[in-house]
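Heads up, the thing below is written out as C-alpha coordinates.
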Amino acid sequence: MKKKRQKLIALAAALALILSLGASAWADDSYTNTADGEHAITADGEQASYSNITVSKTGDASGDEADFYGANAAIFATNGATLDLTHITVDTDGTHANAVFSYGAGTTVNIADSTIETRGNCSGGLMTTGGGTMKATDLTVHTTGNSSAAIRSDRGGGTVIVTGGSYSTEGVGSPAVYSTADITVNSAELTSSASQGVVIEGKNSVTLNDVTLTANNVSKNSDKSAWYQAVMIYQSMSGDAAAGLASFTMDGGRLLNQNGDIFFVNNTAAEITLRAVEIENTDEEGVFLRAAAAGWGREGSNGGHVTLRAAAQSIDGDMLVDEVSTLNLYLTENSSFTGAINPDGAAGEVYVEIEDGSVWTLTADSYISGLTCPAGAVVLNGYTLSVGGIVYTEGSASEGEPVAVESSTSESGMGEPPEGFGGEHPEGMGEPPEGFGGERPEGMGEPPQGGPGGEPPAKP
(Lines give C-alpha, C1' and ligand atoms only; values in the text may rest on other atoms or scores of the structure.)
Protein backbone atom coordinates (compact mmCIF):
# COMPACT_ATOMS: atom_id res chain seq x y z
CA MET A 1 0.00 0.00 0.00
CA LYS A 2 2.85 2.35 0.87
CA LYS A 3 4.53 1.79 -2.54
CA LYS A 4 1.23 2.36 -4.32
CA ARG A 5 0.77 5.64 -2.46
CA GLN A 6 4.30 6.74 -3.42
CA LYS A 7 3.56 5.98 -7.07
CA LEU A 8 0.36 7.99 -6.90
CA ILE A 9 2.21 10.92 -5.31
CA ALA A 10 4.88 10.77 -8.04
CA LEU A 11 2.22 10.62 -10.75
CA ALA A 12 0.40 13.59 -9.25
CA ALA A 13 3.66 15.56 -9.10
CA ALA A 14 4.38 14.79 -12.76
CA LEU A 15 0.86 15.84 -13.73
CA ALA A 16 1.24 19.06 -11.79
CA LEU A 17 4.52 19.77 -13.59
CA ILE A 18 2.89 19.22 -16.99
CA LEU A 19 0.03 21.55 -16.08
CA SER A 20 2.46 24.18 -14.81
CA LEU A 21 4.19 24.22 -18.19
CA GLY A 22 1.03 25.56 -19.81
CA ALA A 23 1.79 26.06 -23.49
CA SER A 24 5.29 24.64 -23.05
CA ALA A 25 6.48 21.58 -24.87
CA TRP A 26 9.03 19.15 -23.47
CA ALA A 27 11.10 16.06 -24.02
CA ASP A 28 11.71 15.23 -27.66
CA ASP A 29 8.37 16.24 -29.18
CA SER A 30 8.11 16.66 -32.95
CA TYR A 31 6.04 19.27 -34.79
CA THR A 32 5.47 18.88 -38.51
CA ASN A 33 3.49 20.90 -41.05
CA THR A 34 3.27 20.26 -44.80
CA ALA A 35 0.47 22.64 -45.85
CA ASP A 36 1.18 25.68 -48.03
CA GLY A 37 1.17 28.90 -46.00
CA GLU A 38 0.70 27.28 -42.60
CA HIS A 39 2.94 26.93 -39.53
CA ALA A 40 4.19 24.03 -37.44
CA ILE A 41 4.06 26.20 -34.29
CA THR A 42 2.19 29.47 -33.75
CA ALA A 43 2.31 31.79 -30.73
CA ASP A 44 -0.49 34.34 -31.14
CA GLY A 45 -0.65 37.01 -28.43
CA GLU A 46 0.40 34.53 -25.73
CA GLN A 47 3.41 33.53 -23.69
CA ALA A 48 4.69 30.12 -24.76
CA SER A 49 7.84 28.05 -24.50
CA TYR A 50 9.21 24.95 -26.21
CA SER A 51 12.30 22.93 -25.39
CA ASN A 52 13.92 19.77 -26.78
CA ILE A 53 11.69 19.62 -29.85
CA THR A 54 12.13 18.97 -33.54
CA VAL A 55 10.24 21.15 -36.03
CA SER A 56 9.82 20.24 -39.69
CA LYS A 57 8.15 22.40 -42.36
CA THR A 58 7.46 21.83 -46.04
CA GLY A 59 4.99 23.59 -48.31
CA ASP A 60 5.28 26.78 -50.29
CA ALA A 61 4.16 30.41 -50.24
CA SER A 62 4.92 33.55 -52.22
CA GLY A 63 5.22 37.30 -52.00
CA ASP A 64 4.23 39.72 -49.26
CA GLU A 65 2.25 37.32 -47.07
CA ALA A 66 5.35 35.24 -46.47
CA ASP A 67 8.09 37.90 -46.57
CA PHE A 68 6.28 40.61 -44.61
CA TYR A 69 3.67 38.81 -42.51
CA GLY A 70 5.13 35.36 -41.81
CA ALA A 71 2.95 32.99 -43.80
CA ASN A 72 4.53 29.55 -44.23
CA ALA A 73 7.13 30.05 -41.49
CA ALA A 74 7.90 26.94 -39.47
CA ILE A 75 7.63 28.80 -36.16
CA PHE A 76 5.62 32.02 -36.07
CA ALA A 77 5.05 34.54 -33.26
CA THR A 78 2.65 37.49 -33.63
CA ASN A 79 0.28 39.91 -31.89
CA GLY A 80 2.57 40.68 -28.96
CA ALA A 81 3.45 37.08 -28.15
CA THR A 82 6.54 36.11 -26.15
CA LEU A 83 7.97 32.84 -27.41
CA ASP A 84 10.89 31.10 -25.68
CA LEU A 85 12.72 28.34 -27.58
CA THR A 86 15.63 26.28 -26.25
CA HIS A 87 17.43 23.19 -27.53
CA ILE A 88 15.29 22.88 -30.66
CA THR A 89 15.99 21.74 -34.20
CA VAL A 90 14.19 23.42 -37.11
CA ASP A 91 14.28 22.12 -40.68
CA THR A 92 12.41 23.70 -43.60
CA ASP A 93 12.27 22.68 -47.25
CA GLY A 94 9.89 24.90 -49.19
CA THR A 95 9.71 28.23 -50.98
CA HIS A 96 9.33 31.18 -48.61
CA ALA A 97 9.61 28.78 -45.67
CA ASN A 98 11.39 30.90 -43.06
CA ALA A 99 12.42 28.98 -39.96
CA VAL A 100 11.66 31.26 -36.98
CA PHE A 101 9.61 34.44 -37.55
CA SER A 102 8.86 37.35 -35.18
CA TYR A 103 6.17 39.69 -36.53
CA GLY A 104 4.81 42.95 -35.14
CA ALA A 105 5.56 45.46 -32.41
CA GLY A 106 5.51 43.90 -28.95
CA THR A 107 6.28 40.40 -30.25
CA THR A 108 9.46 38.80 -28.89
CA VAL A 109 11.13 35.52 -29.78
CA ASN A 110 13.94 34.26 -27.53
CA ILE A 111 15.82 31.30 -28.99
CA ALA A 112 18.94 29.61 -27.60
CA ASP A 113 21.15 26.55 -28.05
CA SER A 114 19.37 25.47 -31.21
CA THR A 115 20.00 24.40 -34.81
CA ILE A 116 18.25 25.74 -37.93
CA GLU A 117 18.49 24.48 -41.51
CA THR A 118 16.55 25.90 -44.49
CA ARG A 119 16.83 24.58 -48.05
CA GLY A 120 14.26 26.45 -50.16
CA ASN A 121 14.53 29.84 -51.84
CA CYS A 122 13.43 32.94 -49.89
CA SER A 123 13.75 31.01 -46.62
CA GLY A 124 15.68 32.83 -43.93
CA GLY A 125 16.88 31.34 -40.69
CA LEU A 126 15.84 34.07 -38.26
CA MET A 127 13.23 36.48 -39.70
CA THR A 128 11.94 39.71 -38.14
CA THR A 129 9.41 42.18 -39.59
CA GLY A 130 6.83 44.77 -38.60
CA GLY A 131 8.74 45.94 -35.52
CA GLY A 132 9.17 42.54 -33.90
CA THR A 133 12.05 41.50 -31.64
CA MET A 134 14.35 38.50 -32.06
CA LYS A 135 16.95 37.49 -29.46
CA ALA A 136 19.18 34.54 -30.34
CA THR A 137 21.98 32.88 -28.37
CA ASP A 138 24.40 30.18 -29.47
CA LEU A 139 22.63 28.99 -32.61
CA THR A 140 23.87 27.07 -35.61
CA VAL A 141 22.02 28.41 -38.66
CA HIS A 142 22.65 27.24 -42.24
CA THR A 143 20.70 28.15 -45.39
CA THR A 144 21.21 26.87 -48.94
CA GLY A 145 18.47 28.57 -50.97
CA ASN A 146 18.61 31.84 -52.89
CA SER A 147 17.51 35.04 -51.12
CA SER A 148 17.80 33.24 -47.80
CA ALA A 149 19.87 35.22 -45.31
CA ALA A 150 20.72 33.43 -42.09
CA ILE A 151 19.74 36.54 -40.10
CA ARG A 152 17.07 38.36 -42.05
CA SER A 153 14.53 41.17 -41.77
CA ASP A 154 12.02 42.70 -44.15
CA ARG A 155 9.28 45.35 -44.31
CA GLY A 156 8.93 47.17 -40.98
CA GLY A 157 12.13 45.79 -39.49
CA GLY A 158 12.50 45.59 -35.75
CA THR A 159 15.26 44.68 -33.28
CA VAL A 160 17.53 41.66 -33.59
CA ILE A 161 20.21 40.72 -31.05
CA VAL A 162 22.38 37.68 -31.75
CA THR A 163 25.06 36.40 -29.36
CA GLY A 164 27.37 33.50 -30.10
CA GLY A 165 26.94 30.71 -32.61
CA SER A 166 27.55 30.36 -36.35
CA TYR A 167 25.42 31.61 -39.25
CA SER A 168 26.22 30.54 -42.81
CA THR A 169 24.64 30.78 -46.26
CA GLU A 170 25.24 29.22 -49.68
CA GLY A 171 22.64 30.75 -52.01
CA VAL A 172 22.62 33.65 -54.47
CA GLY A 173 21.46 36.88 -52.82
CA SER A 174 21.84 35.27 -49.39
CA PRO A 175 24.10 37.33 -47.14
CA ALA A 176 24.74 36.12 -43.62
CA VAL A 177 22.87 39.26 -42.48
CA TYR A 178 20.27 41.22 -44.47
CA SER A 179 19.10 44.24 -42.48
CA THR A 180 16.02 46.39 -42.76
CA ALA A 181 16.14 46.55 -38.96
CA ASP A 182 18.52 47.31 -36.10
CA ILE A 183 20.66 44.18 -35.90
CA THR A 184 23.46 43.53 -33.39
CA VAL A 185 25.66 40.44 -33.51
CA ASN A 186 28.09 39.62 -30.70
CA SER A 187 30.92 37.06 -30.64
CA ALA A 188 29.61 34.98 -33.53
CA GLU A 189 30.80 33.60 -36.87
CA LEU A 190 29.13 34.87 -40.06
CA THR A 191 29.91 33.19 -43.39
CA SER A 192 28.53 33.65 -46.89
CA SER A 193 29.86 31.52 -49.73
CA ALA A 194 28.08 33.14 -52.68
CA SER A 195 26.74 36.52 -51.53
CA GLN A 196 27.77 39.58 -49.57
CA GLY A 197 28.46 38.98 -45.91
CA VAL A 198 26.25 41.86 -44.78
CA VAL A 199 23.67 43.98 -46.63
CA ILE A 200 21.99 47.02 -45.06
CA GLU A 201 19.02 48.60 -46.81
CA GLY A 202 17.90 52.17 -46.08
CA LYS A 203 17.71 53.76 -42.65
CA ASN A 204 18.82 50.72 -40.69
CA SER A 205 21.87 49.35 -38.93
CA VAL A 206 24.18 46.42 -38.33
CA THR A 207 26.60 46.32 -35.38
CA LEU A 208 29.19 43.55 -35.14
CA ASN A 209 31.11 43.13 -31.87
CA ASP A 210 34.01 40.65 -31.85
CA VAL A 211 32.55 38.87 -34.87
CA THR A 212 34.35 36.89 -37.55
CA LEU A 213 32.81 37.79 -40.92
CA THR A 214 33.87 35.84 -44.01
CA ALA A 215 32.38 36.79 -47.38
CA ASN A 216 32.87 35.32 -50.84
CA ASN A 217 30.47 37.29 -53.04
CA VAL A 218 30.68 35.48 -56.39
CA SER A 219 27.08 35.71 -57.65
CA LYS A 220 24.42 38.38 -58.22
CA ASN A 221 20.66 38.58 -57.88
CA SER A 222 20.45 41.38 -60.44
CA ASP A 223 22.48 43.23 -63.07
CA LYS A 224 22.20 46.60 -61.32
CA SER A 225 25.78 46.58 -60.04
CA ALA A 226 29.01 45.55 -61.74
CA TRP A 227 30.92 45.00 -58.49
CA TYR A 228 31.19 42.36 -55.81
CA GLN A 229 31.70 43.23 -52.15
CA ALA A 230 31.71 41.98 -48.56
CA VAL A 231 29.47 44.72 -47.12
CA MET A 232 26.85 46.53 -49.19
CA ILE A 233 24.84 49.53 -47.96
CA TYR A 234 22.15 50.81 -50.30
CA GLN A 235 18.53 51.85 -50.86
CA SER A 236 16.65 49.61 -53.30
CA MET A 237 13.51 51.77 -53.60
CA SER A 238 11.41 48.64 -53.01
CA GLY A 239 9.61 50.26 -50.07
CA ASP A 240 10.97 47.68 -47.64
CA ALA A 241 13.16 50.21 -45.80
CA ALA A 242 12.68 53.88 -44.96
CA ALA A 243 15.06 56.36 -46.56
CA GLY A 244 17.74 57.89 -44.36
CA LEU A 245 21.12 57.37 -42.76
CA ALA A 246 22.34 53.77 -42.63
CA SER A 247 24.89 52.56 -40.11
CA PHE A 248 27.52 49.80 -40.08
CA THR A 249 29.69 49.39 -36.99
CA MET A 250 32.37 46.77 -36.41
CA ASP A 251 34.30 46.67 -33.15
CA GLY A 252 37.06 44.08 -32.92
CA GLY A 253 36.84 40.75 -34.67
CA ARG A 254 37.87 39.91 -38.22
CA LEU A 255 36.56 40.68 -41.70
CA LEU A 256 37.82 38.44 -44.50
CA ASN A 257 36.76 39.27 -48.06
CA GLN A 258 37.53 36.78 -50.82
CA ASN A 259 36.17 38.52 -53.91
CA GLY A 260 35.70 42.15 -54.91
CA ASP A 261 35.59 45.17 -52.62
CA ILE A 262 35.28 45.43 -48.85
CA PHE A 263 32.57 48.13 -48.74
CA PHE A 264 30.12 49.40 -51.37
CA VAL A 265 27.69 52.29 -50.70
CA ASN A 266 25.06 53.25 -53.26
CA ASN A 267 21.93 55.42 -53.35
CA THR A 268 22.01 56.24 -49.64
CA ALA A 269 23.96 58.02 -46.92
CA ALA A 270 25.89 55.78 -44.54
CA GLU A 271 28.12 55.92 -41.49
CA ILE A 272 30.78 53.22 -41.27
CA THR A 273 32.61 52.92 -37.94
CA LEU A 274 35.58 50.58 -37.52
CA ARG A 275 37.62 49.98 -34.38
CA ALA A 276 40.53 47.56 -34.16
CA VAL A 277 39.14 45.16 -36.77
CA GLU A 278 41.47 42.74 -38.54
CA ILE A 279 40.55 43.29 -42.20
CA GLU A 280 41.91 41.25 -45.09
CA ASN A 281 40.99 41.33 -48.77
CA THR A 282 42.43 38.39 -50.69
CA ASP A 283 41.23 39.88 -54.01
CA GLU A 284 44.10 42.07 -55.22
CA GLU A 285 41.77 43.82 -57.69
CA GLY A 286 39.27 44.81 -55.01
CA VAL A 287 39.21 48.19 -53.25
CA PHE A 288 38.59 48.99 -49.63
CA LEU A 289 35.65 51.35 -50.24
CA ARG A 290 33.59 52.14 -53.32
CA ALA A 291 30.97 54.91 -53.14
CA ALA A 292 29.26 55.00 -56.51
CA ALA A 293 26.06 55.08 -58.51
CA ALA A 294 24.59 51.78 -59.66
CA GLY A 295 21.19 50.67 -60.92
CA TRP A 296 19.18 51.74 -57.87
CA GLY A 297 17.70 55.22 -57.46
CA ARG A 298 17.47 58.24 -59.75
CA GLU A 299 20.31 58.59 -62.23
CA GLY A 300 22.54 61.55 -61.41
CA SER A 301 21.71 61.63 -57.70
CA ASN A 302 22.06 58.02 -56.63
CA GLY A 303 25.62 57.92 -55.39
CA GLY A 304 26.91 56.82 -52.01
CA HIS A 305 27.49 59.41 -49.28
CA VAL A 306 29.86 57.97 -46.69
CA THR A 307 31.27 59.02 -43.36
CA LEU A 308 34.00 56.54 -42.46
CA ARG A 309 35.40 56.70 -38.92
CA ALA A 310 38.45 54.56 -38.17
CA ALA A 311 39.81 54.27 -34.62
CA ALA A 312 42.87 52.16 -33.76
CA GLN A 313 42.33 50.74 -37.23
CA SER A 314 44.60 49.58 -40.05
CA ILE A 315 43.19 50.16 -43.55
CA ASP A 316 44.80 48.77 -46.70
CA GLY A 317 43.32 49.40 -50.13
CA ASP A 318 42.08 52.21 -52.32
CA MET A 319 38.93 54.28 -51.91
CA LEU A 320 36.96 55.24 -55.01
CA VAL A 321 34.32 57.98 -54.90
CA ASP A 322 32.50 58.77 -58.14
CA GLU A 323 31.20 62.15 -59.27
CA VAL A 324 27.79 61.79 -57.61
CA SER A 325 29.18 60.45 -54.33
CA THR A 326 30.99 61.90 -51.30
CA LEU A 327 33.32 60.74 -48.52
CA ASN A 328 34.36 62.11 -45.13
CA LEU A 329 37.23 59.99 -43.76
CA TYR A 330 38.37 60.33 -40.13
CA LEU A 331 41.54 58.57 -38.92
CA THR A 332 41.90 58.60 -35.12
CA GLU A 333 43.65 56.76 -32.27
CA ASN A 334 46.81 55.84 -34.18
CA SER A 335 45.00 54.52 -37.22
CA SER A 336 46.86 53.89 -40.47
CA PHE A 337 45.58 54.10 -44.03
CA THR A 338 47.75 52.68 -46.81
CA GLY A 339 46.18 53.33 -50.17
CA ALA A 340 45.02 55.93 -52.68
CA ILE A 341 41.83 57.96 -53.03
CA ASN A 342 40.53 58.39 -56.59
CA PRO A 343 43.91 57.61 -58.22
CA ASP A 344 42.46 58.15 -61.69
CA GLY A 345 41.60 61.79 -61.02
CA ALA A 346 39.24 64.08 -59.16
CA ALA A 347 35.60 62.97 -59.00
CA GLY A 348 33.27 63.20 -55.99
CA GLU A 349 34.05 65.44 -53.03
CA VAL A 350 36.34 63.81 -50.45
CA TYR A 351 37.47 65.20 -47.09
CA VAL A 352 40.19 63.53 -45.02
CA GLU A 353 40.87 64.36 -41.37
CA ILE A 354 43.88 62.78 -39.68
CA GLU A 355 44.34 63.01 -35.92
CA ASP A 356 47.85 63.39 -34.49
CA GLY A 357 49.37 59.91 -34.25
CA SER A 358 47.48 58.54 -37.25
CA VAL A 359 48.96 58.41 -40.74
CA TRP A 360 47.99 58.12 -44.41
CA THR A 361 50.59 56.53 -46.72
CA LEU A 362 49.84 56.94 -50.43
CA THR A 363 50.24 54.06 -52.88
CA ALA A 364 49.29 56.13 -55.96
CA ASP A 365 48.43 59.73 -56.87
CA SER A 366 45.31 60.85 -55.01
CA TYR A 367 42.69 63.57 -55.45
CA ILE A 368 40.62 64.97 -52.59
CA SER A 369 38.75 68.22 -51.96
CA GLY A 370 39.71 68.91 -48.34
CA LEU A 371 42.33 67.88 -45.76
CA THR A 372 42.87 68.50 -42.05
CA CYS A 373 46.04 67.05 -40.56
CA PRO A 374 49.10 67.86 -38.46
CA ALA A 375 52.55 68.01 -40.01
CA GLY A 376 53.85 64.58 -40.92
CA ALA A 377 50.49 62.83 -41.02
CA VAL A 378 50.58 62.27 -44.80
CA VAL A 379 53.39 60.21 -46.33
CA LEU A 380 53.44 60.83 -50.07
CA ASN A 381 55.69 57.85 -50.77
CA GLY A 382 56.77 59.45 -54.06
CA TYR A 383 53.23 60.22 -55.24
CA THR A 384 51.21 63.42 -55.58
CA LEU A 385 48.28 64.45 -53.40
CA SER A 386 45.97 67.07 -54.87
CA VAL A 387 43.77 68.90 -52.33
CA GLY A 388 41.10 71.01 -53.97
CA GLY A 389 43.31 71.32 -57.05
CA ILE A 390 46.40 72.36 -55.08
CA VAL A 391 49.37 70.03 -54.71
CA TYR A 392 49.99 69.14 -51.07
CA THR A 393 53.50 69.65 -49.69
CA GLU A 394 54.72 66.71 -47.65
CA GLY A 395 55.41 67.55 -44.01
CA SER A 396 52.97 70.46 -43.88
CA ALA A 397 49.87 70.84 -41.71
CA SER A 398 46.52 71.45 -43.36
CA GLU A 399 43.09 72.75 -42.39
CA GLY A 400 39.94 71.93 -44.33
CA GLU A 401 36.17 71.52 -44.08
CA PRO A 402 34.12 68.31 -44.15
CA VAL A 403 31.74 67.60 -46.98
CA ALA A 404 28.13 68.38 -46.09
CA VAL A 405 26.03 65.23 -46.35
CA GLU A 406 22.24 65.16 -46.37
CA SER A 407 20.45 61.93 -45.52
CA SER A 408 16.95 62.95 -46.65
CA THR A 409 15.24 61.22 -49.55
CA SER A 410 15.56 64.13 -51.93
CA GLU A 411 19.27 64.68 -51.32
CA SER A 412 20.17 61.00 -51.48
CA GLY A 413 18.39 60.57 -54.78
CA MET A 414 15.65 58.32 -53.47
CA GLY A 415 12.72 60.46 -54.52
CA GLU A 416 9.56 61.48 -52.70
CA PRO A 417 6.80 58.92 -52.19
CA PRO A 418 3.90 59.27 -54.62
CA GLU A 419 1.03 61.47 -53.50
CA GLY A 420 -1.62 59.67 -51.50
CA PHE A 421 0.65 57.04 -50.04
CA GLY A 422 0.17 58.24 -46.40
CA GLY A 423 -0.35 55.69 -43.68
CA GLU A 424 -2.92 53.42 -45.32
CA HIS A 425 -1.95 50.04 -46.68
CA PRO A 426 -1.68 50.68 -50.44
CA GLU A 427 -3.63 48.59 -52.89
CA GLY A 428 -1.46 46.00 -54.57
CA MET A 429 1.08 45.68 -51.74
CA GLY A 430 -0.44 42.52 -50.31
CA GLU A 431 -2.79 42.30 -47.36
CA PRO A 432 -1.66 40.49 -44.23
CA PRO A 433 -3.23 37.03 -43.92
CA GLU A 434 -6.40 36.73 -41.88
CA GLY A 435 -5.70 36.79 -38.17
CA PHE A 436 -2.45 38.74 -38.53
CA GLY A 437 -3.82 41.97 -37.09
CA GLY A 438 -4.79 43.50 -40.42
CA GLU A 439 -3.08 46.87 -40.00
CA ARG A 440 0.28 47.63 -41.49
CA PRO A 441 2.55 48.30 -38.48
CA GLU A 442 4.00 51.77 -38.03
CA GLY A 443 7.41 52.06 -39.65
CA MET A 444 6.73 49.49 -42.35
CA GLY A 445 8.07 51.90 -44.95
CA GLU A 446 6.65 53.51 -48.07
CA PRO A 447 5.44 51.50 -51.06
CA PRO A 448 7.63 51.01 -54.13
CA GLN A 449 8.43 53.96 -56.36
CA GLY A 450 6.17 54.03 -59.38
CA GLY A 451 2.86 53.57 -57.60
CA PRO A 452 0.93 50.73 -56.07
CA GLY A 453 0.95 47.42 -57.84
CA GLY A 454 4.35 48.05 -59.48
CA GLU A 455 7.11 45.47 -59.47
CA PRO A 456 9.66 46.15 -56.70
CA PRO A 457 13.20 46.87 -57.87
CA ALA A 458 15.61 43.96 -57.92
CA LYS A 459 17.80 43.42 -54.88
CA PRO A 460 21.43 42.31 -54.78
Side-chain angles (χ1 to χ4, degrees), residues 23-44 48-62 65-67 69-78 81 83-103 109-129 132 134-154 160 162 164-178 188-195:
S24 300
W26 58 291
D28 299 321
D29 286 334
S30 296
Y31 293 79
T32 300
N33 181 275
T34 61
D36 292 350
E38 294 186 3
H39 314 292
I41 292 175
T42 301
D44 188 348
S49 61
Y50 295 83
S51 183
N52 298 307
I53 64 171
T54 298
V55 180
S56 177
K57 177 75 180 90
T58 57
D60 300 320
S62 62
E65 290 189 356
D67 292 343
Y69 307 113
N72 208 49
I75 299 175
F76 179 64
T78 187
L83 178 60
D84 297 322
L85 306 167
T86 57
H87 298 287
I88 73 170
T89 299
V90 185
D91 185 281
T92 78
D93 191 1
T95 304
H96 292 271
N98 294 288
V100 181
F101 202 119
S102 178
Y103 170 78
V109 174
N110 302 303
I111 178 170
D113 303 310
S114 299
T115 300
I116 293 171
E117 177 93 17
T118 73
R119 289 188 290 277
N121 292 340
C122 305
S123 299
L126 303 176
M127 184 70 161
T128 307
T129 71
M134 180 76 68
K135 296 180 180 179
T137 305
D138 294 332
L139 306 186
T140 299
V141 178
H142 179 234
T143 73
T144 57
N146 298 338
S147 300
S148 300
I151 303 167
R152 184 182 179 199
S153 64
D154 211 310
V160 180
V162 175
S166 64
Y167 306 80
S168 60
T169 65
E170 294 183 23
V172 177
S174 299
V177 179
Y178 193 102
E189 293 186 4
L190 306 176
T191 305
S192 61
S193 58
S195 179

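In this chain, residues are counted from 1 in sequence order.
- Listed by chain and number, the residues in a side-chain contact (heavy atoms from CB on, under 4.5 Å) with Ala77 are Ala43, Ala81, Leu83, Thr107, Val109 (sequence neighbours excluded).
- In this structure, Tyr31 has its ring center under 6.0 Å from that of Tyr50.
- By the salt bridge (charged side-chain N to carboxylate O under 4.0 Å, His left out) test, Asp36 pairs with no residue at all, sequence neighbours left out.
- With sequence neighbours excluded, the residues satisfying side-chain hydrogen bond (donor to acceptor under 3.5 Å, both in side chains) with Ser153 are Thr180.
- Among the candidates Val141, Leu85, Ile75, Val162, the single residue satisfying the side-chain contact (heavy atoms from CB on, under 4.5 Å) test with Ile111 is Leu85.
- Considering only residues two or more places apart in sequence or on other chains, Thr86 meets the side-chain hydrogen bond (donor to acceptor under 3.5 Å, both in side chains) condition with Ser51.
- Under the rule for a side-chain contact (heavy atoms from CB on, under 4.5 Å), the partners of Ala74 that lie at least two apart in sequence or sit in another chain are Val55, Lys57, Val90, Thr92.
- Applying the side-chain hydrogen bond (donor to acceptor under 3.5 Å, both in side chains) test to Asn146 and every residue at least two apart in sequence or in another chain returns nothing.
- Sorted by first and then second residue, the salt bridge (charged side-chain N to carboxylate O under 4.0 Å, His left out) pairs involving residues 138-153 (not counting sequence neighbours) are Asp67-Arg152.
- The side-chain hydrogen bond (donor to acceptor under 3.5 Å, both in side chains) search around Glu189 returns none, not counting sequence neighbours.
- For Thr58, the side-chain contact (heavy atoms from CB on, under 4.5 Å) partners two or more places apart in sequence, or in a different chain, are Thr34, Asp93.
- Residues passing the salt bridge (charged side-chain N to carboxylate O under 4.0 Å, His left out) test with Asp84: none are found, sequence neighbours excluded.
- Listed by chain and number, the residues in a side-chain contact (heavy atoms from CB on, under 4.5 Å) with Glu170 are His142, Thr144, Ser193 (sequence neighbours excluded).
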